[in-house]
Protein chains: 2
Amino acid sequence: MEIEIALKRLSALAQQSRLEVFRRLVQAGAEGLAAGDLARAVDIPANTLSAQLVILVNAGLARSRREGRSIIYSADYDGMGALLVFLMEDCCQNRAEVCGPLAAAVTRPSCNPV
Amino acid sequence: MEIEIALKRLSALAQQSRLEVFRRLVQAGAEGLAAGDLARAVDIPANTLSAQLVILVNAGLARSRREGRSIIYSADYDGMGALLVFLMEDCCQNRAEVCGPLAAAVTRPSCNPV
DNA sequence: TCGAAGTTTCCATAAATGTAGAATTATGGA
DNA sequence: TCCATAATTCTACATTTATGGAAACTTCGA
């Protein structure tokens with residue numbers, strides 16, 4: 001992954017409300033959440049949230065689609081996975097000290113559903 | 001990990017020169033690098049770099065120690081590992097879509113030295 | 001005790017970011 | 001066609017962040 005993209009994604013996550021929004025999107029799964037519902041859930045004015053969502057989408061961490069009058073946002077798992085791989089490989093050079101705790105997390109059952 | 005700490009670490013990495021500095025520190029390994037050498041390597045004025053290093057240390061991504069007249073900086077692997085675990089577990093809920101590519105990375109030989 | 005090397009702190013300035021009111025656009029129902 | 005709903009874009013303002021010159025601090029060798 002190019003550094004510029006990694007920086008964009010890191011910046012997108014490095015902000016209180018955007019990180020919370022992203023987590024909610026992950027929880028919501030593939031169906032996603034309408035912008036309005038999201039705004040109510042995180043208690044942020046619709047236009048402010050809209051600006052945050054633009055940043056997440058632009059960073060490749062979320063997607064949007066229209067459904068009637070609503071616009072539905074969902075987490076971009078591929079984008080997030082690629083960021084984690086970048087941090088692990090390019091940034092940390094697969095150092096055992098960093099891999100260790102992560103290997104434990106990645107091999108947990110929740111991470112490998114049947 | 002607390003959200004606040006995660007945000008601090010993400011912010012610390014979400015900046016061009018700091019990300020580069022962190023990568024160099026990872027490359028340098030446990031011995032680390034003197035602030036001055038680092039400044040020359042990344043071509044940044046000493047005082048500017050110093051401010052960046054404060055941010056990395058404060059975020060728990062780097063450590064410093066004095067050696068004679070020099071101050072040696074090194075990457076904090078534990079801090080970085082914890083951030084990755086946070087992103088994987090708390091943030092992404094160990095979703096298989098995100099774990100997948102990461103599992104591949106984590107099981108590579110370079111990540112599990114003899 | 002002095003001076004040089006290495007680094008940080010102080011400070012001011014420029015640039016980027018976050019926020020939300022008001023206006024605008026798109027959609028669907030009456 | 002008209003209205004209400006859902007969301008975005010425009011705009012301005014306040015806050016935060018990045019940057020580097022100058023001064024100060026610490027360490028070591030002469």
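Labels below follow one simple rule: chain letters A, B, ... track the order of the sequence lines, proteins then strands, and each chain is numbered from 1.
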Might you work through the salt bridge (charged side-chain N to carboxylate O under 4.0 Å, His left out) test for A/Lys8 and A/Glu4, ending with a clear yes or no? CA-CA 6 Å; A/Lys8 241 187 185 177; A/Glu4 287 217 356; over 6 Å; no

Between atom [atom1] of [X] and atom [atom2] of [Y], what is the distance when rounded to the nearest 0.5 Å?
| X | Y | atom1 | atom2 | value |
| --- | --- | --- | --- | --- |
| B/Met80 | A/Leu102 | CE | CG | 10.0 Å |
| B/Ser11 | A/Leu13 | OG | CG | 10.0 Å |
| B/Cys91 | B/Leu84 | SG | CG | 11.5 Å |
| B/Leu38 | B/Leu49 | CG | CG | 5.0 Å |

Are A/Met1 and A/Leu87 in one and the same hydrophobic cluster, where Ile, Leu, Val, Met, Phe, Trp and Tyr link if side-chain heavy atoms are under 4.5 Å apart? yes

In residues 67-77 of chain B, which residues come under 4.0 Å of DNA chain D by heavy atom?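 Under 4.0 Å from DNA chain D: B/Gly68, B/Arg69.
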
Mind calculating the distance between [atom1] ([X]) and [atom2] ([N]) to the nearest angstrom?
| X | N | atom1 | atom2 | result |
| --- | --- | --- | --- | --- |
| A/Asn47 | D/dA12 | CG | C1' | 13 Å |
| B/Ile44 | D/dG21 | CD1 | P | 13 Å |
| B/Lys8 | D/dT16 | NZ | P | 15 Å |
| A/Leu56 | D/dT8 | CG | P | 12 Å |

Looking at A/Leu56, A/Leu53, A/Leu61, which hits side-chain contact (heavy atoms from CB on, under 4.5 Å) with A/Arg18?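 Among the candidates, only A/Leu56 passes.
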
For D/dC3, the Watson-Crick or wobble counterpart (both distances under 3.5 Å): C/dG28

Hey, does A/Ile3 have a side-chain heavy atom less than 4.5 Å from the side chain of B/Glu20? no

List the atom of B/Gly79, the atom of B/Arg9, and the distance in Å for their closest heavy-atom pair.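 Shortest heavy-atom contact: O-NH1, 2.9 Å.
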
Taking all non-hydrogen atoms of both residues, which atom of A/Gln15 and which atom of A/Ser17 are closest, and how far apart?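 Distance-wise, the nearest heavy atoms are OE1-OG, 2.9 Å.
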
Which residue lies more 5' along DNA chain D, comparing A/Val54 with B/Ala14 via nearest heavy atoms: A/Val54

Hey, where on DNA chain C does chain A first and last touch, going 5' to 3'? Cut-off is any atom under 4.0 Å from a heavy atom.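 Span of nucleotides near chain A: C/dG18 to C/dG28.
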
Does A/Tyr77 offer a backbone N or O that forms a donor-acceptor pair with the side chain of B/Arg95 under 3.5 Å?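 A pair under 3.5 Å: no.
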
Which ones in residues 15-42 of chain B lie close to DNA chain C, meaning a heavy atom under 4.0 Å from one of its atoms?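 DNA chain C contact set from residues 15-42 of chain B: B/Ala34, B/Ala35, B/Gly36.
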
